[in-house]
Amino acid sequence: MTIDILMPRPMLPIVQEQLDANFTVHRLYEADDPETLLAEVGEKIRGVAMAFGPVDKAFLSKIPNAEIVASFGVGYDHINTDDCLAAKVTVTHTPDVLTEEVADTALGLMLMTVREFGQAEQWLRQGNWEAKGPYPLTQATLQGRTLGIFGLGRIGKAIAKRAEAFGMEIHYHGRRKQDGVAYPYHATLKDLAAACDTLMVVAPGGAETQHAVNAEVLEALGPNGIVINIGRGTVIDEAALIAALENGTIFGAGLDVFEQEPKVPEKLLALPRVTVLPHVGSASQATRNAMGQLVVDNLKSWFDTGKAVSPVPEMG
Ligand code: NAP
Ligand code: 8YV
């Protein structure tokens with residue numbers, strides 16, 4: 001007897017092909033009426049393969065026999081893990097396989113922001129180099145900057161390693177000081193911001209970190225301050241960030257993630273020292289395939305052995 005898997009939205013070919021070969025896959029996005037399909041197949045569903053949520057009590061009530069939600073991505077702020085634990089549903093994610101790729105993107109974004117490479121490229125493409133002369137000298141340089149990392153986890157550490165090679169001094173903030181880490185620790189985010197001029201946000205999203213980077217933190221970062229966000233959009237109060245950039249409270253920002261993706265506020269786009277990327281931190285084919293493979297491996301392992309490969313920490 002085959003096992004029924006729910007796929008609410010399209011996933012990579014590498015995921016679809018392997019799931020089709022091993023399970024019966026119900027694709028909600030192909031149904032004329034997804035709710036009707038869910039009502040028809042909900043009781044049979046034992047596993048879910050997905051990238052975006054929400055996964056909460058209401059969703060789980062429609063798939064009462066589900067055992068596992070295999071999420072594509074390391075961040076799982078779209079999943080209510082308490083509701084999953086209560087429903088005895090295991091949650092898995094895709095850590096590690098994307099760490100180096102996302103750290104590379106973070107460094108690229110930081111360099112682009114500090115040295116205005118995106119704007120300089122536009123200068124050339126729009127014919128200004130020939131017509132008007134060289135791109136203006138950048139007011140900021142990476143040299144001599146101190147990097148404050150908010151969220152010194154897997155990706156944060158990979159960023160720190162790269163930033164050290166660029167000669168940056170590293171500080172960090174998290175919920176606790178980490179054993180064996182020599183970088184100076186700051187017990188509050190405001191203290192971290194005051195100690196650095198470049199704030200790298202790589203903490204997870206969710207209620208605990210919602211708007212942690214607020215007006216007060218930006219004020220502490222100061223007029224040379226540059227914020228880079230490679231973590232989650234919700235961690236920064238976007239309205240406070242726009243105000244801080246408009247008022248010169250901070251110098252610039254580089255953002256891969258936003259509060260209401262794919263919507264990006266016009267006001268942010270209008271600011272001159274802002275670099276924006278469309279959430280591409282892990283977006284190479286090789287890394288996305290590795291993430292997809294881990295989704296498949298989690299589902300196969302769960303139904304073959306009763307154990308998941310990479311459950312989220314809340315699963316114990
Ligand atoms: P991780 O290893 O779990 O690291 C997260 C770090 O954040 C930990 O050091 C943790 O330290 C800290 N942290 C967690 N909750 C916190 C809180 N409430 N307050 C303060 N610090 C907190 O995760 P990771 O693999 O590095 O991934 C980090 C995040 O990056 C993901 O959750 C995801 O949102 C984001 N991400 C984005 C992209 C992209 O494409 N832009 C790609 C991948 C990941 P403590 O436990 O000491 O607090
Ligand atoms: C993914 C990410 O693009 O892993 C994460 O947390 O943000 C990215 O790698 C995203 O999760 C895809 O849904």
Side-chain angles (χ1 to χ4, degrees), residues 100-126 128-129 134-152 155-173 183-184 186 189 192-203 213 217-233 235-236 238 240-258 264 267-281 283:
E100 304 301 328
E101 193 82 72
V102 180
D104 288 348
T105 310
L107 265 289
L109 181 56
M110 181 170 69
L111 276 168
M112 283 180 76
T113 307
V114 172
R115 295 293 319 288
E116 302 174 19
F117 291 139
Q119 296 89 324
E121 186 184 10
Q122 287 310 312
W123 181 268
L124 183 156
R125 286 185 184 278
Q126 288 163 2
N128 290 328
W129 191 12
Y135 183 74
L137 303 180
T138 62
Q139 296 308 298
T141 169
L142 198 70
Q143 297 308 305
R145 281 193 167 261
T146 299
L147 186 66
I149 300 182
F150 175 29
L152 191 73
I155 300 171
K157 288 191 175 81
I159 292 170
K161 193 172 150 194
R162 286 159 173 75
E164 272 195 274
F166 278 91
M168 300 183 88
E169 185 183 321
I170 318 285
H171 294 229
Y172 76 102
H173 164 71
Y183 307 131
H186 298 270
L189 185 53
L192 177 73
C196 69
D197 51 24
T198 310
L199 182 63
M200 178 66 71
V201 178
V202 64
V213 179
V217 169
L218 296 168
E219 180 83 40
L221 191 61
N224 289 323
I226 289 180
V227 176
I228 307 297
N229 192 1
I230 193 79
R232 276 291 179 270
V235 180
I236 297 185
E238 225 163 58
L241 176 67
I242 292 167
L245 288 160
E246 284 176 344
N247 301 337
T249 306
I250 66 166
F251 187 81
L255 309 167
D256 183 49
V257 287
F258 303 87
V264 178
K267 277 186 171 181
L268 202 51
L269 297 176
L271 286 160
R273 287 195 293 267
V274 173
T275 296
V276 286
L277 294 176
H279 200 148
V280 293

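Please read these numbers as outputs of a predicted model, since none were measured by experiment.
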Exercise for the section: Assess whether side chain to side chain contact (heavy atoms under 4.5 Å, CB included) is satisfied between V280 and D256, documenting all intermediate values. Expected result: CA-CA 7 Å; V280 293; D256 183 49; 3.7 Å; yes
Exercise for the section: Just do the side chain to side chain contact (heavy atoms under 4.5 Å, CB included) check on I230 and M200 with the steps written out, would you? Expected result: CA-CA 7 Å; I230 193 79; M200 178 66 71; 4.1 Å; yes
Handout entry: Worked check of side chain to side chain contact (heavy atoms under 4.5 Å, CB included) between F117 and T275
Key = CA-CA 9 Å; F117 291 139; T275 296; over 6 Å; no
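The minimum heavy-atom distance between I149 and V202, with the atom names listed, is CG2-CG1, 3.8 Å. Pairing each heavy atom of T141 with each of R145, the nearest pair is O-NE, 3.1 Å. The minimum heavy-atom distance linking A163 with I170 is given by the pair CB-CD1, 3.7 Å. Closest approach of W123 and Y135 over heavy atoms only: NE1-N, 3.4 Å. Across every non-hydrogen atom of A140 and F251, the tightest pair is CB-CE2, 3.7 Å. The two residues V114 and T138 come nearest to each other via the heavy atoms O-CB, 4.2 Å.
Residue L269 qualifies as enclosed at atom CG: its count of foreign heavy atoms under 6.0 Å is above 12. Q119 CD: more than 12 foreign heavy atoms inside a 6.0 Å radius.
No option in K157, H171, E164 other than E164 meets the side-chain hydrogen bond (donor to acceptor under 3.5 Å, both in side chains) test with Y183.
One finds the CG atom of L255 at 6.0 Å from the CG atom of L241 (value rounded to the nearest 0.5 Å). Rounded to the nearest 0.5 angstrom, M110 CE and L199 CG are separated by 12.0 Å. Between atom CG of residue L218 and atom CG of residue L245 there is a gap of 8.0 Å, rounded to the nearest 0.5 Å. The line from CG of L107 to CE of M168 is 8.5 Å long, rounded to the nearest 0.5 Å. Atom OG1 of residue T105 and atom CD1 of residue I228 lie 12.0 Å apart, to the nearest 0.5 angstrom. Of the inter-residue distances, the one linking I242 atom CD1 with L268 atom CG reads 5.0 Å to the nearest 0.5 angstrom.
Listed for the H186 side chain is no donor-acceptor partner under 3.5 Å among the backbone atoms of H173. Not one N or O on the side chain of D197 forms a donor-acceptor pair closer than 3.5 Å with the backbone of G225.
Side-chain contact between F166 and L147 is absent, with no heavy atoms from C-beta onward closer than 4.5 Å. With a 4.5 Å cut-off on side-chain heavy atoms, C196 and L221 count as touching.
Sorted by first and then second residue, the salt bridge (charged side-chain N to carboxylate O under 4.0 Å, His left out) pairs involving residues 109-125 (not counting sequence neighbours) are E121-R125.
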